[in-house]
*Asks:* 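Quick one: the structure is below, questions incoming.
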Amino acid sequence: MAAAGLYTIGGSFWEFGEPDWDNTEFFMMFGVAEDHDSNPIKKGLAKLKERGAKFVSVNPVRTGYSAVADEWVPIRPGTDGLLVMAICQELIRTGRVDFDWLARYSNAPWLVIDTPREASHGSFARDADGHPLAIDGRTGKPSNALRSDIRVRLSGTVEVEPGVPARPAYDLLMRRCMETAYSPEIAAARTGVPASVIRRLARELADAAFERAIRLAQPWTDWAGRRHTHVTGRPVAMHAMRGISAHSNGFHTCRAIHILQMLLGAIDCPGAFRYKAPFPRPCPPGQKPVGKPGEVAPGAPLAGMPLGFPTWPGDLLVDDAGRPARLDKAYSWEAPLAAHGMMHMVIANAHAGDPYPIDTLFMFMANMSWNSSMNTTRTMEMLTDRDPESGEYRIPHIIYSDAYASEMVAYADLVLPDTTYLERHDCISLLDRPISSAEGPADAIRHPVLKPDPDVRPFQDVLITLGERLGFPGLLTAEGEPRYPGGYPDYMVNHERRPGLGMLAGWRGAQGELIGRGTPNPEQLERYKENGAFWFHEMPPEMHWNRHANGDYLSWAKDMGFIDSTNQIVLQLYCEPLQRFRQAARGFGTYQPPKALCSRIETYFDPLPIWYPPLAQAALLDEYPLHAITQRPMAMYHSWGGQNAWLRQIHGANAIYLHHATAAAQSITDGDWIWVESATGRVKGQARLMDGVERHTVWTWNAIAKRKGSWNLDTDAPEATHAVLFNHLIPEFLPRAGDAARLSNSDPVTGQAAWFDLRVRIRKALPEEAGEAAPQFAPLPRPPGLAPAPTISRYGEDFHPRPKPLRRKLT
Amino acid sequence: MTGLPASTDKKLGLVIDLDTCVGCHACAVNCKEWNTGGHSAPLTDEDPYGGDASGVWFNRIHAFEVGEGTAGRTVHFPRSCLHCETPACVTVCPTGASYKRETDGIVLVDEDHCIGCKLCSWACPYGAREYDLDAGVMKKCTLCVDRIYNENLSKTERVPACVATCPAGARHFGDFADPQSEVSILTAARGGYDLMPEIDMKPTNKYLPPRPRANTCTAPVTDDDSIAPSGFLGLVDRVFSR
Amino acid sequence: MHPAYSVIFFTVSSGLGFGALMLLGFLALIGRLDPDPWLAAAVMAFALGTAAGGLMASALHLGHPERAWRAFSQWRTSWLSREGIAAIATFPPALVFALGWVVFGEVRFPYACAAGVAALLALATVTCTGMIYQSLTAIRAWAMELVTPGYIIMALAGASLWLAFAWRLVGNVDPMVTHMPLAAVLLGWALKAIYWRRLDIPSRGPTVQSATGLGAEGVPVRLLESPHTQENFVMREMGHRVARKHAVQLRRLAQGLAFALPLVLTQGVAQFPDLASWLATVLVLTAAVSGTLGLCVERWLFFAEARHAVTLYYGASRT
Ligand SMILES: Nc1nc2c(c(=O)[nH]1)N[C@H]1C(S)=C(S)[C@@H](COP(=O)(O)OP(=O)(O)OC[C@H]3O[C@@H](n4cnc5c(=O)[nH]c(N)nc54)[C@H](O)[C@@H]3O)O[C@H]1N2
Ligand SMILES: Nc1nc2c(c(=O)[nH]1)N[C@H]1C(S)=C(S)[C@@H](COP(=O)(O)OP(=O)(O)OC[C@H]3O[C@@H](n4cnc5c(=O)[nH]c(N)nc54)[C@H](O)[C@@H]3O)O[C@H]1N2
Ligand code: SF4
Ligand code: SF4
Ligand code: SF4
Ligand code: SF4
Ligand code: SF4
Ligand SMILES: [Mo]
């Protein structure tokens, strides 16, 4: 999701953008149950419905947001890309495209070289100064596409050099979208969305964008210094989340959605998707992942950020044989653009010693032996598996920091009990996942409101102490003294990622008079606390729109340290970095993928969006006819909602939801115990029949089930006896293709885990099998010294002292 | 006194908007959080970490499916005391612990007089009363009586806890006796209705039905659209300025 | 509604007690009381014991029994208050009557009057008990006119069997006493049969559509998700469901025990006067015990088959 956005529009759904709730006329949401900034979405939906704007939710399940949608589009999981491309075909076919927007703000006019057997094939034609070329409408000749006064063409062919033909990127996109594979009829067959509905949706999108365009009387200055009196708004907004990204075709599907937005000119303008600071950034942002074999050495700090944005094979973290350098194989040929890393493969890779065995697995705040791993049963075995010859553990030493007695704690050799977020400082920084809104940047802190348990230290303080003891230069002064003696609060205020750029952007400078860039302000945290623990700066209105091409904004953003140059951020319909990897797979260039991965790279590194069936499903269609997905329950936060005495009364167990027709086919009724089986495992839970679910889909609430003995719950807690965890069913590896290396069940472009590609079948359990969920595991031993959980809670009693009434416990 | 006031000066209550409620349970949790330290403290939880966890809640969120197929709809449905005008839960009470206030119509339980006979919970058709087995008394939604008149809270905060926290703007609070109040206007504008009117409790709280579905596409979609397929190339075959 | 065994026990026992007082008052007024002191002591002990025992037990079962005295204050509106007052008021005249009958063996004026007053107050008490249930509009099965008469008749039927046994125990075969059960039991049976038939008519009462205001007539409305995954007070107290098949079987059992068997036994004994007296007594005793057991099953069904309106929010489509 984030990768597709950053390589296409310099921002993304997820946490880097939001819809314009106040002005949008047509809001389309793909695969969202809750999302991170969930309350703002609920507020937004209420505003939008109040104004009578139309809200369409594309989702296999009709609950929560989809329940209040004006139109619920029940799509078969993993096929949204087809739906979106079919809508693009309809828009292109009926000419309802904002060509002016594409010409002005995207690389639609840039010429793509068409020399199939050459290294340069598919790359942008550039002039001597490296500027991309476009067809100059007046001369018909290639010319610097970035000139503000050029009048460009979006179709046709031109020779950029003798014998070197090239076409505008839009011309190629147009042909891709017009392929019959992406026609509404073909899409209807696979998505389950009728062709007439697809055509109507395309028409409604176009009507809203063009017939109900907004002309906002808001003057602004563009990147070329030209003054505009009004801003044009295309009031069509979109949002998407893991319903798109948790499939192995998620990257391309998400790019397709952004391209649909671009065809309608609906990016960062009134009524459309709007960036959140510090975005937009160049597509993709400039930093490269650090960690090539030469760049990592014991006792020496990493030379830069471990995460980044590769733009050519040379950026990958692989050895000269092309093998992954990182344990999780992120930024290897298996997952070249792994913007978030591939945390879900760490245990499996460490266990297999592939790419290399490890000595210590150090984890923080991740319940990896239960709900945040695939193939949970196998993962648990891996954590305790021994090498047959040496008898040693394959993963010898596990250190884990958790605030609760989760399932992962039992597997740790050393447990670092952490405070809860109420007992320590935390920082929600613009350098990581900001809480900005479209109107301006914002960040926040958490500060202790409860005194922590005496022998529990905040994890961030522990990390800083660890760094000091390991002699990290970043944490020690020249004299070898701790640079941040005050611990994490000290670090939050005084650490500078780059001169003047710290963790917090508010109240910088000696007197706290600066924002964004400024010297550390010792009183910064106090100022945050006075302001409700957050900082927000509303940008002047002329900076609010078209920020990728807004001169005032671009210069301000550079001063704030968001971006490094004030050049226009040209949005990328055509993604050249992908083509570079594809050419490498075709045998060009010094860095080429291992033989076994060539066809994979060539297929999936298409610079234009494609749709393909989710990888794990390719072989299993008839044996496992149903899709299995999960949804976030709004009242719980992953697994640790279960330790809350109130919340577990709401979600103490989870049923397996399926369509009543699908259930009737196997005479399954409400409450029946059923098996859900995949090629990887099987689980047993109780069925709940419903109407509002796509017929080939079964689903459940995420992360409700608990292993017996965990979380200080009684062993008869419904979380252990009745709840069901789908993670046991999800394979962490794709079906092995011959003797090729095992590939992770992830997106081939970004390594994003394909949680929702799961294919299953269901079967009614035998009468004697009814009564308890499966699989069951030996109860976890109680952590030593853990006080037994209370059998009655009178929380709040002391806030309202009253004479103790005669309290008798009746039967 | 369990006699009902002939009429009340104000008719305070809630409007629940079923068009925007997404069933997030925030109102139910925030209600329990406020009230477990308020008028009816504590809202006891039995076996809180065991197999039969069960606690006292004043507001609970159901979800219903209405109709089938494309006409079908999922509706998230919050349920709490409706502070009825002629509530049987008051008249049946043998001790006078259950009473309706003459000033604002709020229906409350005086826990110092309640003998825990549970008859009022039987009398309420909406299941709005929950018995605190440990405290031996009946408890129910108080319309946050210890909050809406609370001087040391800011004006904006003097609304029920459930109304304050609802992110979807699906809960409104006000005086139904005042025709100009937001709740009265909303009820009239959106066709607010009573639950189980036939049982004649005359609920004060009103529910707003889901709005009719916004449908922007009026013109019928014809397959052979006006532009012939080959036509789209013509549309793009021109010059665009930057 | 949850048929708690304790509640069934209190209401049946107090029903028998006040039912007995009603019959004794009637017998006293028409001069058919047998002055035998042993009979008097036994019968009065039974009547007062069951009446008082039922009330005490239900009080003890309250959340705050120490405040039970408050339960008399709302007689203007609360049938439960009225029941309490009527019940307490019954005891003085009943004790005066008991004094006369048991201590002085005196059954005429003024004790007969006391018996009559006690009988009327007992009738008032049982009427109030019936009205507590009949006034609950939230429970369709209870908000029916037959409920209060049902409580009265069942009390009389149950008590009449015990009185017939007591009379026989002391060898008194006054036809008035031996035939009382015939009238009460037959009337009870008829009344119950009508009640159950009316109960089985699909109710015009509230539906899930009217409870939620969703779905016009005929549009299905189904519970998708309950607010909690474990049981709570409301579901434990009012969510009890009894399977249709099970309920029909229990209705037959109740009729057999409460009506059929007692009738056969009491009338059988009446038809064969020359039966050995010990055998007759045992048969009449069996009738009485069977009648009481039948009453318990009938009361269990009265609760179990009652569907509370709140169940409409938890998956029921009608009550
Ligand atoms: N309350 C709460 N909020 C949370 C979290 C939580 O645990 N609790 N977790 C946080 C985290 S870590 C994350 S990553 C986000 C996740 O936020 P979301 O992505 O909103 O949450 P999910 O439940 O993963 O959403 C998946 C949704 O996509 C739908 N879906 C599944 N497959 C498809 C498909 O192929 N196509 C389409 N169109 N839809 C599909 C599912 O039915 C579901 O509604 O939520 C964050 N916020
Ligand atoms: N089937 C299925 N599986 C999924 C998903 C899905 O949609 N479906 N979603 C996936 C996604 S997007 C995500 S993000 C993961 C989420 O999975 P995780 O990130 O593992 O989330 P949790 O299960 O909550 O585990 C977090 C752990 O941190 C602990 N913790 C809580 N607070 C603190 C604290 O302050 N300090 C410390 N040190 N620990 C703390 C909790 O007790 C818990 O054990 O799940 C993934 N797994
Ligand atoms: S969890 Fe916190 S940050 Fe997220 S939506 Fe809820 S209130 Fe907002
Ligand atoms: S909703 Fe129930 S508890 Fe509330 S006033 Fe009405 S009858 Fe009484
Ligand atoms: S439980 Fe309390 S409030 Fe309810 S009827 Fe009995 S005494 Fe009145
Ligand atoms: S008004 Fe107050 S007591 Fe009533 S449901 Fe809302 S928060 Fe709870
Ligand atoms: S907080 Fe609002 S949206 Fe959430 S369940 Fe309550 S009423 Fe519905
Ligand atoms: Mo996540």
Side-chain angles (χ1 to χ4, degrees), chain B residues 1-4 18 23 25 28 51-57 60-68 74-75 77 79 88 90-97 113-119 121-127 129-131 133 135-138 193-201 207 209, chain C residues 1 58-59 61-68 70-84 132-133 135-139 142 204-206 208 210-215 219-228 230-238 308-314:
Chain B
M1 269 300 295
T2 52
L4 288 172
L18 298 178
H25 296 268
D52 298 318
S54 161
V56 175
W57 297 68
R60 292 180 183 271
I61 316 301
H62 301 248
F64 295 97
E65 285 196 309
V66 185
E68 295 202 332
T74 303
V75 179
F77 189 90
R79 176 178 58 81
V90 169
T91 49
V92 299
C93 173
T95 65
H113 290 148
C114 172
I115 60 172
C117 68
K118 303 185 206 162
L119 189 53
S121 65
W122 292 9
C124 167
Y126 310 103
R129 292 175 165 245
E130 303 209 359
Y131 183 64
L133 190 62
V137 292
M138 194 59 71
Y193 59 83
D194 289 343
L195 302 187
M196 282 193 247
E198 66 273 34
I199 292 195
D200 204 20
M201 297 286 154
Y207 280 76
Chain C
M1 299 294 285
S58 62
H61 218 75
L62 294 171
H64 283 282
E66 79 283 6
R67 299 175 186 160
R70 289 184 179 283
F72 303 108
S73 60
Q74 304 304 317
W75 46 271
R76 284 188 189 76
T77 58
S78 164
W79 282 105
L80 186 54
S81 280
R82 291 168 188 158
E83 182 202 43
I132 291 173
Y133 298 101
S135 65
L136 295 176
T137 51
I139 302 160
W142 290 357
R204 299 156 313 290
V208 62
S210 73
T212 59
L214 302 170
V219 173
V221 177
R222 275 186 323 298
L223 177 70
L224 171 62
E225 194 96 280
S226 170
H228 39 86
Q230 302 311 102
E231 288 253 311
N232 69 338
F233 161 75
V234 165
M235 284 318 293
R236 277 195 306 271
E237 189 78 14
M238 292 165 257
H308 192 279
V310 73
T311 54
L312 296 171
Y313 297 110
Y314 282 98

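We name chains A, B, ... by the order of the sequence lines, and we start the count at 1 in each one. The shown structure was predicted, so the numbers you read here are calculated from the model rather than taken from an experiment.
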*Asks:* Ignoring hydrogens, what is the shortest heavy-atom contact between B:Ile199 and C:Pro206? Give both atom names and the distance.
*Replies:*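 Shortest heavy-atom contact: CD1-CG, 3.7 Å.
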*Asks:* Heavy-atom distance under 4.5 Å to chain B: side chain of C:Leu136, backbone, both or neither?
*Replies:*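 When you check distances to chain B, only side chain atoms of C:Leu136 fall under 4.5 Å.
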*Asks:* Is the backbone of B:Trp122 close enough, under 3.5 Å, to the side chain of C:His308 for a donor and an acceptor to pair up by distance?
*Replies:*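 The answer is yes, because a donor-acceptor pair under 3.5 Å joins these two groups.
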*Asks:* Where on C:Val234 is there a heavy atom nearer than 4.5 Å to chain B: the side chain, the backbone, both, or neither?
*Replies:*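 Side chain of C:Val234 only, per the 4.5 Å heavy-atom cut-off to chain B.
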*Asks:* Do you know which of C:Ile139, C:Leu214, C:Thr137, C:Ile132 has the most heavy-atom pairs with chain B at a distance under 4.5 angstrom?
*Replies:*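 With the most close heavy-atom pairs to chain B, the winner is C:Leu214.
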*Asks:* Sort C:Ala211 into side chain, backbone, both or neither according to what part of it lies under 4.5 angstrom from a heavy atom of chain B.
*Replies:*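 Its backbone and side chain both get close to chain B.
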*Asks:* Go through the atoms of C:Arg236 and report whether side chain, backbone, both or neither lie under 4.5 Å from a heavy atom of chain B.
*Replies:*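 C:Arg236 touches chain B through side-chain heavy atoms alone.
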*Asks:* Under 4.5 Å, counting heavy-atom pairs only, tell me which of C:Val219, C:Thr311, C:Val221 racks up the most with chain B.
*Replies:*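 Sorted descending by pairs with chain B, the first entry is C:Val221.
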*Asks:* Give the minimum heavy-atom separation between B:Cys124 and C:Ala138, together with the two atoms involved.
*Replies:*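 The answer is C-CB, 4.1 Å.
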*Asks:* Looking only at heavy atoms, what is the nearest atom pair of B:Glu68 and C:Pro220, with distance?
*Replies:*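 For B:Glu68 and C:Pro220, the tightest heavy-atom pair comes out as CG-CG, 4.1 Å.
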*Asks:* If you compare all heavy atoms of C:Pro227 against all heavy atoms of B:His25, which two are closest, and at what distance to 0.1 Å?
*Replies:*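 That closest heavy-atom pairing would be O-CE1, 4.0 Å.
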*Asks:* What part of B:Glu198 lies closer than 4.5 angstrom to a heavy atom of chain C: side chain, backbone, both or neither?
*Replies:*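 Answer is side chain: those atoms of B:Glu198 sit under 4.5 Å from chain C.
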*Asks:* Against chain B, label C:Met1 side chain, backbone, both or neither, depending on which of its atoms sit under 4.5 Å from a heavy atom there.
*Replies:*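 Just its side chain gets close to chain B.
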*Asks:* Which atom names give the shortest non-hydrogen contact between C:Arg67 and B:Ile115, and what distance separates them?
*Replies:*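 Closest heavy-atom pair between C:Arg67 and B:Ile115: O-CG2, 3.3 Å.
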*Asks:* So, B:Ser121 versus C:Glu237: side-chain donor-acceptor pair below 3.5 Å or not?
*Replies:*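 Side chains of B:Ser121 and C:Glu237: no pair found under 3.5 Å.
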*Asks:* Please work out whether the ring planes of C:Tyr313 and B:Tyr126 are parallel, tilted or perpendicular, with thresholds of 30° and 60°.
*Replies:*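 Tilted, since the angle between the ring planes falls between 30° and 60°.
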*Asks:* Shorter than 4.5 Å, heavy atoms on both sides: which option in C:Glu225, C:Gln230, C:Arg222 has the most such pairs with chain B?
*Replies:*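 Most heavy-atom pairs under 4.5 Å with chain B: C:Arg222.
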*Asks:* Please flag which part of B:Val66 lies under 4.5 Å from any non-hydrogen atom of chain C: side chain, backbone, both or neither.
*Replies:*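 Both backbone and side chain of B:Val66 come within 4.5 Å of chain C.
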*Asks:* Check each atom of B:Tyr207 against the heavy atoms of chain C and say whether the ones under 4.5 Å are side chain, backbone, both or neither.
*Replies:*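 Contact with chain C: none, neither part.
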*Asks:* Do the side chain of C:His64 and the main chain of B:Ala135 share a donor and acceptor less than 3.5 angstrom apart?
*Replies:*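 Yes: the side chain of C:His64 pairs with the backbone of B:Ala135.
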*Asks:* For the side chain of C:Ser81 and the backbone of B:Pro94, is there at least one donor-acceptor N/O pair under 3.5 Å apart?
*Replies:*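 Yes, C:Ser81 side chain to B:Pro94 backbone: donor-acceptor pair under 3.5 Å.
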*Asks:* Judged by atom type as modelled, is there a donor-acceptor pair below 3.5 Å linking the side chain of B:Tyr193 to the main-chain atoms of C:Thr212?
*Replies:*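 Yes; judged by distance alone, with no hydrogens or angles, the pair exists.
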*Asks:* Does any backbone or side-chain atom of C:Trp75 lie under 4.5 Å from a heavy atom of chain B? Answer side chain, backbone, both or neither.
*Replies:*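 Answer is neither: C:Trp75 stays 4.5 Å or more from chain B.
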